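In what follows, every chain begins at residue 1, and chains take the letters A, B, ... in the order their sequences are listed. Small disclaimer: the values here were computed from a predicted structure and weren't measured.
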2 protein chains.
Amino acid sequence: MQDHAKPLDSESNGEQNPPQRAHQGRKAVITRDDLIDAALKLIGPHRSISTLSLREVAREAGIAPNSFYRHFRDMDELAIALIDRAGRSLRKIIGEARNRASPERSVVRSSVEAFMEQLNGDERYLHILLREGTVGSDAFKQAVERELNFFEEELRVDLIRLAETNNTGIYEPALVAKAITRLVFAMGATAMDLPLEKRAEIQEQMTTMLRMIVVGTQTMAQSDTIRL
Amino acid sequence: MQDHAKPLDSESNGEQNPPQRAHQGRKAVITRDDLIDAALKLIGPHRSISTLSLREVAREAGIAPNSFYRHFRDMDELAIALIDRAGRSLRKIIGEARNRASPERSVVRSSVEAFMEQLNGDERYLHILLREGTVGSDAFKQAVERELNFFEEELRVDLIRLAETNNTGIYEPALVAKAITRLVFAMGATAMDLPLEKRAEIQEQMTTMLRMIVVGTQTMAQSDTIRL
DNA sequence: CGGTTGTATATACATGTGTATAATAAGCCG
DNA sequence: CGGCTTATTATACACATGTATATACAACCG
């Protein structure tokens, strides 16, 4: 059995850290975040999380294989933490893009632009979320699903706000948000494996698809109103 | 180096097989298809192709590990063949469902129904196509992509036919087909990991999403016409 | 200083993998 | 039959992996 002791509170938490009693025992030379970084370095267009080995990550991080256990129970736990981080990072980016949206540059369009920008830059966080959705442990898949739900929720709120502003109706906004999100991610996943020249085409296709959905929900909202 | 000799034409081709000279040398005890079957047995909701090992498949098929090379260069080649088979099988099923469609039971709806039926039955072919799309070698991903394109193409033809029959317009039918296909597969992938009770809900969501797309394309077709 | 505590490493082991090499087995032809 | 051809297996090797156990190391506390 491995130890996987808890103490390691030193700096492992990437975010806030209250007072904290001065530490006990040897100083940790590495943090959870460092390990996640190492894993991130190993991931690319041709390498997915599920194929990473514990030893490989440890090697990349410059620690002994067994030290890994001080930070994560196994690779699966690291993978989930990684998904978490990727999701947060990406939501922040898309969120910013959303705020840059204006009446002329719709929320949907500027989000898609930001999304494709990330894709075309070699942004690993996005790569991960795009392609790791369907393989791995149940816990892992749930983590990915959770991130997608976050995206959907934020989009849903925006869509409603937008519909009120522009005084267009919106039918089943939650479903609209879900459809858009899933479609963008699905199309993005295929775009990832395409040369840069072809990605512009995909982006255009994506935009048209989303417009169909938007037109659809608005039309359905109208005929709903009429019927009442 | 392995041999991976070609001769093995005995019965390896799952489909048509012309005259064929009486074979030479020892009779093959196993075929490519048998190996694919073995791999299929090992795959399930919690086991994906990419995690299968050559030895494992050979074991399941009851042959020595090295015999594998007589039939496939490596696991990747087998995986591609498997995708091929899964695609063919599934297209046949959906195709039949499509033909059962009538004016009241739209093509889209009955296809979705057939799709979910497959999902709820423990149909491995579908599981494979749903979840293996984004990981694996480039050749493998291309194989999956190819199957999706087949689905899209068949759907596209049907959509056009349908639009003419019902005299509704249709805007960018190819994109409509693509959007529908990708969305159904994406939603199906998440449904796969859900308990049966919740899948009905997903199916309903899926139907509404598709209706939005259809309404959208029709509306856009109309305003196109008007503008002319 | 020595004790205690938490961390990191070294070594080791069993297990699984892909595949090279060589031997064996089975079927046909002359 | 002997010879040829193809298929299958046996054995073996080098390598990577996860992890158990034990030991060394660093920091604090009294």
Study note, to complete from the structure: Closest to the side chain of A:Ser67, out of D:dA7, D:dT19, C:dT9, is C:dT9
Point to revise | Of the listed nucleotides C:dG6, C:dT19, C:dA8, the one nearest the side chain of A:Gln24 | key: C:dG6
Check your understanding: Choosing from D:dA20, C:dT7, C:dA26, which nucleotide comes nearest the side chain of A:Asn66?
Key -> D:dA20
Revision key, fill the gap. Closest to the 5' end of DNA chain D, once B:Gly25 and B:Gly62 are matched to their nearest nucleotides, is B:Gly25
Practice item. Can you run down the salt bridge (Lys or Arg N to Asp or Glu O under 4.0 Å) pairs that involve residues 191-211 of chain A, sequence neighbours left out, and say none if there aren't any? Key: A:Asp193-B:Lys141
Review point. Between C:dG27 atom P and B:Arg26 atom CZ, what is the distance in whole Å?
Key: 8 Å
Check your understanding: Hey, is A:Glu77 close enough to A:Arg32 for a salt bridge, meaning N to O under 4.0 Å?
Key -> yes
Point to revise | Inter-end axis angle, the helix from C:dC1-D:dG30 to C:dG30-D:dC1, with every axis fitted to five base pairs (rounded, 10 degrees) | key: 10°
Revision key, fill the gap. Ranking C:dT19, C:dT24, D:dT19 by distance to the side chain of A:Pro65, first place goes to D:dT19
**Study point:** Any B:His71 side-chain nitrogen or oxygen under 4.0 Å from OP1 or OP2 of D:dT6
**Key:** no
Practice item. Would you mind reading off the distance between B:Tyr69 atom OH and C:dA20 atom C1', rounded to a whole angstrom? Key: 9 Å
Practice item. With sequence neighbours excluded, tell me which residues meet ring-ring contact (aromatic ring centres under 6.0 Å, His included) with A:Phe185. Key: A:Phe115, A:Phe151
**Study point:** Heavy-atom side-chain proximity of A:Phe150 to A:Leu90 below 4.5 angstrom
**Key:** no
**Study point:** Ion pair check, B:Asp37 and B:Lys41, cut-off under 4.0 Å
**Key:** no
Exercise for review: Give, for atom OG of B:Ser111 and atom CD of B:Glu96, the distance between the pair rounded to the nearest 0.5 Å.
Suggested key: 12.0 Å
Practice item. Starting at atom CD of B:Glu77, determine the distance to atom C1' of C:dT19, rounded to an integer number of angstrom. Key: 16 Å
Check your understanding: What distance do B:Leu52 atom CG and B:Glu60 atom CD have between them, rounded to the nearest 0.5 Å?
Key -> 10.0 Å
Exercise for review: Check the distance between D:dA7's P and B:Asp34's CG and give it to me in whole angstrom.
Suggested key: 14 Å
Revision key, fill the gap. Here the distance between atom P of C:dG18 and atom CD1 of B:Ile63, to the nearest Å, is 13 Å
**Study point:** Within residues 48-67 of chain A or reaching into it, pairs that qualify as ring pair (Phe, Tyr, Trp, His ring centres under 6.0 Å) - sequence neighbours excluded
**Key:** none
Can you name the atoms? Protein N/O to nucleotides 15-17 of chain C N/O, anything below 3.5 Å, with the distance.
unit_1, atom_1, unit_2, atom_2, d
C:dT17, OP1, B:Ser53, OG, 2.7
C:dT17, OP2, B:Arg59, NH2, 2.8

Check your understanding: To the nearest angstrom, how far is A:Arg73 atom CZ from D:dA20 atom P?
Key -> 12 Å
Check your understanding: Any salt bridge between A:Glu56 and A:Arg47, counting N to O under 4.0 Å?
Key -> yes
Practice item. Quickly work out the A:Leu52 CG to D:dG18 C1' distance and round it to whole Å. Key: 15 Å
Review point. Are A:Arg70 and C:dT7 close enough that a side-chain N or O sits under 4.0 Å from OP1 or OP2?
Key: yes
Practice item. Could you check how far CZ of B:Phe68 sits from C1' of D:dT9, rounded to whole Å? Key: 17 Å
Check your understanding: Who pairs with B:Ala139 by side chain to side chain contact (heavy atoms under 4.5 Å, CB included), at least two apart in sequence or on another chain?
Key -> B:Asp76, B:Ile80, B:Ser137
